[in-house]
Q: 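Following this message is one structure expressed as C-alpha cells.
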Number of protein chains: 2
Amino acid sequence: MPKRVRTITDLAKLAGVSPGTVSRALAGKSLVNAKTREKIEALAREHDFRLNQMASRFRRQKTGVIGVVIPLGHDRRQQISDTFFMTLLGYLADELTERGYDLMLRRVIPDKDEDWLDRFIGSGMVEGTIVIGQSDQFDRIEDVADGYRPMVVWGNHQEGQRHCVVGSDNRLGGKLAAERLIASDCQSIAFLGSTDPIEFAARFAGAKAVADKMGVSISVLPTHLNPDRAADEIAEHFASSHSDFDGIFAATDLLAVACLKEMQSRKIAVPGKVKLIGFDDLPIASQTQPPLTTVRQDIAAGARCLVDLLLRRMNGESTESLVLPPKLIARQTA
Amino acid sequence: MPKRVRTITDLAKLAGVSPGTVSRALAGKSLVNAKTREKIEALAREHDFRLNQMASRFRRQKTGVIGVVIPLGHDRRQQISDTFFMTLLGYLADELTERGYDLMLRRVIPDKDEDWLDRFIGSGMVEGTIVIGQSDQFDRIEDVADGYRPMVVWGNHQEGQRHCVVGSDNRLGGKLAAERLIASDCQSIAFLGSTDPIEFAARFAGAKAVADKMGVSISVLPTHLNPDRAADEIAEHFASSHSDFDGIFAATDLLAVACLKEMQSRKIAVPGKVKLIGFDDLPIASQTQPPLTTVRQDIAAGARCLVDLLLRRMNGESTESLVLPPKLIARQTA
DNA sequence: GTGAAAGCGCTAACAA
DNA sequence: TTGTTAGCGCTTTCAC
C-alpha cells in the first residue's frame, strides 16, 4: 500500500523534481514551468497533500495569526457588554479570515494575571494583537504600546494617549442621548450604570456637558453592569429615590431593558412619564415594547477599521486613532 | 550596547551552559541542577527572554491550539443563535485557556467553501477541532468523522451518527415546553420558527410527540431565524391566520421576544389569552415584561463537556456523545 | 527553470 | 547532571 504523501519531499519524489521546486509551485511563484506546476498540483490533489503550516510559518517567521484578547476587568465577568464584544468578535473573525489571517482568541482576567498582555504578545504566536475593550487596564496597555507597534485596541480615546485605538465617540453618544431627552422636555436626567469603565465615563461626561449647558440637572444612578444584579439595584433606586427624574440615559441597552421592565412593573409610563435611552442598539433594542430609543455603534465598521489599522501597523506604517460617530436611533421610549 | 537575547543559544552563552540545558531548565524538567536552573531563570527574567513558541511547537509537533469553527449555513448569517453560539464560545475560551490551549476561531460559510472542514483540519495548525453547530452540514461532518478523531461537535444527536457530539436534548426540551403549555390548558399549539436546522426539528418533534399523545393540535408557523425578518413574518401570521392557537412554542428566545412584542401591540393578553415559551434562556428572557418562560440550556456545562471529550479523544480514547438535559424555567408567559 | 544546500529555533536522543 | 548532535518540514538563497 502506498505510503501517505506527507511532506513536500515525498511529493517531490513522486513528481521527479526537487523539494524546492514543489515548494515554489505550491506557493504560486512565477518562476516555475507551467507543465511542472500542473503536474505537481495534480499530484498534490490526488494524494490530498497539504503543506505543513507549522513548518512553513516557522520557516518564514510568520505565524499568520492575529491575537484577539478580551480583558475581563471589574465586574465584567459574564457581563453586560459581552453581547457587544462577542458581536464585534464575530465580525473580526470574518474580516481577518478574508485577509488570510487566523484569529487566536484569549479571554483574560487581569486581576489574576498581571502580565496578561506581555505574555500574549511575547508568546511568539501572534503577528499582531487586537485588544477588545480597555476594561480597567488602560495604563497597562499604555505601558506596552511604545514597545510594541502591531497592536490596536477597541475602546475609548483619551487626549494624548499612546496606544492606537478605534472606538465610538462615547462622548458624542452621550451628547446625542442628552440632547434627545432634553428635546423631549426632560428637566432632570439620570445616568444609569457605572462610570468606572472609561467608555461609560465618557458617555456620562458627554451627557453632562449638554445637560449643564442647558440648565438641566443630571445625576448618576449607580448599578453593576451585569443585568441580573443591576435589576435589583434599579428596583432599589426606584423604591428609595425621590424619583425626581423624568429622563434616563442607560449606559447600555441591557441596562435600559432592565430599567424599562422595572418601570413597567411600577406602572410608570414610558415615555409618558419618564423617557428612556439606551446605548449600543443590540438586537433586543428593537424588540422591547415600546421599542427602545438608543445610540447605535456600527460594529461591523468598527471591526473593519480595527483590522485595517492593524495591518497597516504591521506594515510599519504609523496610524492615528479612529473615532467613529455613533448615531441616535429614535424609537419610542424617548 | 548588549545584543538582545533572542534565542535559547544566546541565553546559553550568557549562562555558560549548553542550549540543551537551557531548554531543559526552562521546560521545568527534573534533571537539572537546582543552581543551574536558578541561574538560567534569573538570566531569562533579566533579559526578558521568551521562548520562540513557533520553533518549540514545530519541533515538538504540537501546536497547542484547538480550532473552533462556526459554520454559517442557511440563513444563519448574523442570525438568531449567534448570541447563543457566541456565549458558548466565550466559555470555551475560558475552559481551553485553563487547560493550557489556545483557541483559534474561524467562521465559515459552507456554501462558498465546500472544503471548509478539511481545510481547517488539514491546516496543520490545530491539534483538535470543535465545531459549534451542525448548521446544514451534518453530512459533511459525518464524512470526516471517521478519518479524524480529535473532533467534537456541538449540536444535535442522531441515532447511529458517527461524529461525537455534545448538545442539549432538544427533543426533551420540546417535550418540556409542550407539557407546560398543555398543563396550562392549551388546546392548540403553534411552533414558531424554522424546522430546517436539525436542532429545531428535534425541538418540534419533541413537542409534537407530547401534543399528539395528549390529543392537542400542533402546527408550524414558519419564520426565518433572523429576528428582524421574523418580526414581519410573525405579524403576517397574526394578521392572516385564524389565530386558532392558544399556546406558542418558539424555537428560540429571540423569536419568542419578537412574538411577545407583536402580541402586545395587538393587545393579545400573555399569558391570559395565549401562552408563550421560548428556548435558550438568554439574558433577555428574564428581562421581558412579563418575563419569559423558557427552556434553559446550560451553556457553561456544555463548554466544559466539549473540552473534556475533545481532550480525551486527543488522548486516543474513544468517547460517546453526550446529551445534556435542558430545564424548564417557569416564569410568567406560560 | 531547477537542484543543492543551508538553515529557522528549538527539543530529545544519546553520550559522556 | 550536562553537552553534543541530529533533525522537525519547509523556504530561499545561490549556483547551474
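Order of the sequence lines sets the chain letters (A, B, ...), proteins ahead of strands, with each chain counted from 1.
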Q: Please write out each protein N/O paired with an N/O of nucleotides 13-16 of chain C under 3.5 Å, distance rounded to 0.1 Å.
A:
unit_1: C:dA13; atom_1: N6; unit_2: B:R24; atom_2: NH1; d: 3.3

Q: Please check the phosphate of C:dC10 (OP1 and OP2 only) for any side-chain N or O of B:S23 closer than 4.0 Å.
A: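 It does not, given that no N or O in the side chain of B:S23 lies less than 4.0 Å from OP1 or OP2 of C:dC10.
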
Q: Along DNA chain D, 5' to 3', what are the outermost nucleotides having an atom less than 4.0 Å from a heavy atom of chain B?
A: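 The protein-touched segment is D:dT1 to D:dG9.
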
Q: Could you pull out all residues at least two apart from B:R50 that satisfy side-chain hydrogen bond (donor to acceptor under 3.5 Å, both in side chains)?
A: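 For B:R50 the side-chain hydrogen bond (donor to acceptor under 3.5 Å, both in side chains) partners, ignoring immediate neighbours, are B:D48.
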
Q: Are any of the side-chain heavy atoms of A:D10 and A:H47 separated by less than 4.5 Å?
A: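 A:D10 vs A:H47: side chains apart.
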
Q: Check B:N156, B:D136, B:L225 against B:P197 for a side-chain contact (heavy atoms from CB on, under 4.5 Å) and give me the one that passes.
A: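 Option passing the side-chain contact (heavy atoms from CB on, under 4.5 Å) with B:P197: B:L225.
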
Q: Listed by chain and number, what are the side chain to side chain contact (heavy atoms under 4.5 Å, CB included) partners of A:L26, not counting sequence neighbours?
A: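 Testing A:L26 for side chain to side chain contact (heavy atoms under 4.5 Å, CB included), a comparison that skips the adjacent residues, returns A:L11, A:V22, A:I40, A:F49, A:L51.
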
Q: Not counting sequence neighbours, which residues clear side-chain hydrogen bond (donor to acceptor under 3.5 Å, both in side chains) with A:Q137? List them please.
A: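 With neighbours one apart ignored, the set is A:W116.
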
Q: Should A:D113 and A:D115 count as side-chain neighbours, where that means a heavy-atom distance under 4.5 Å?
A: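 Touching, per the 4.5 Å side-chain cut-off.
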
Q: Looking at residues at least two apart in the chain, or sitting in another chain, which of them share a side-chain hydrogen bond (donor to acceptor under 3.5 Å, both in side chains) with A:S18?
A: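 Scan of A:S18 (side-chain hydrogen bond (donor to acceptor under 3.5 Å, both in side chains), adjacent residues dropped) gives A:T21.
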
Q: Under 4.0 Å from OP1 or OP2 of C:dT11: is there any side-chain N or O of B:K29 that close?
A: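 It does not, given that no N or O in the side chain of B:K29 lies less than 4.0 Å from OP1 or OP2 of C:dT11.
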
Q: Using the side chain to side chain contact (heavy atoms under 4.5 Å, CB included) criterion, which residues pair with B:V65? Sequence neighbours excluded.
A: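 Scan of B:V65 (side chain to side chain contact (heavy atoms under 4.5 Å, CB included), adjacent residues dropped) gives A:M125, B:R57, B:T63, B:D102, B:M104, B:V126.
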
Q: Can you list the residues that meet the side chain to side chain contact (heavy atoms under 4.5 Å, CB included) rule with B:K29, with sequence neighbours excluded?
A: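 Checked B:K29 against side chain to side chain contact (heavy atoms under 4.5 Å, CB included); matches are B:R24, B:A27, B:L31.
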
Q: Can you list every pair that meets side chain to side chain donor-acceptor pair (under 3.5 Å) and has a residue in residues 298-316 of chain A, with sequence neighbours left out?
A: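 Of all non-adjacent pairs touching residues 298-316 of chain A, those that pass side chain to side chain donor-acceptor pair (under 3.5 Å) are A:R99-A:D308, A:R312-A:E317, A:R313-A:T319.
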
Q: Return yes if some donor-acceptor pair links the side-chain N/O of A:S56 with the main-chain N/O of A:N52 below 3.5 Å, else return no.
A: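 Here the side-chain-to-backbone pair does not exist.
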
Q: In chain order, what residues pass the ring-ring contact (aromatic ring centres under 6.0 Å, His included) check against B:F138, with sequence neighbours excluded?
A: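 ring-ring contact (aromatic ring centres under 6.0 Å, His included) check on B:F138 returns B:H163.
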
Q: Pull out every residue in residues 49-60 of chain B that has a heavy atom closer than 4.0 Å to any atom of DNA chain C, ordered by number, or say none.
A: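 When residues 49-60 of chain B is checked for heavy atoms under 4.0 Å from DNA chain C, the hits, listed by number, are B:F49, B:L51, B:N52, B:A55, B:S56, B:F58, B:R59, B:R60.
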
Q: Could you identify which residues of residues 31-42 of chain A place a heavy atom less than 4.0 Å from some atom of DNA chain C, listed by residue number, or say none?
A: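 Close to the strand are A:L31, A:V32, A:N33, A:T36.
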
Q: State, with a plain yes or no, whether a side-chain heavy atom of A:M151 is found less than 4.5 Å away from one of A:I141.
A: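 Touching, per the 4.5 Å side-chain cut-off.
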
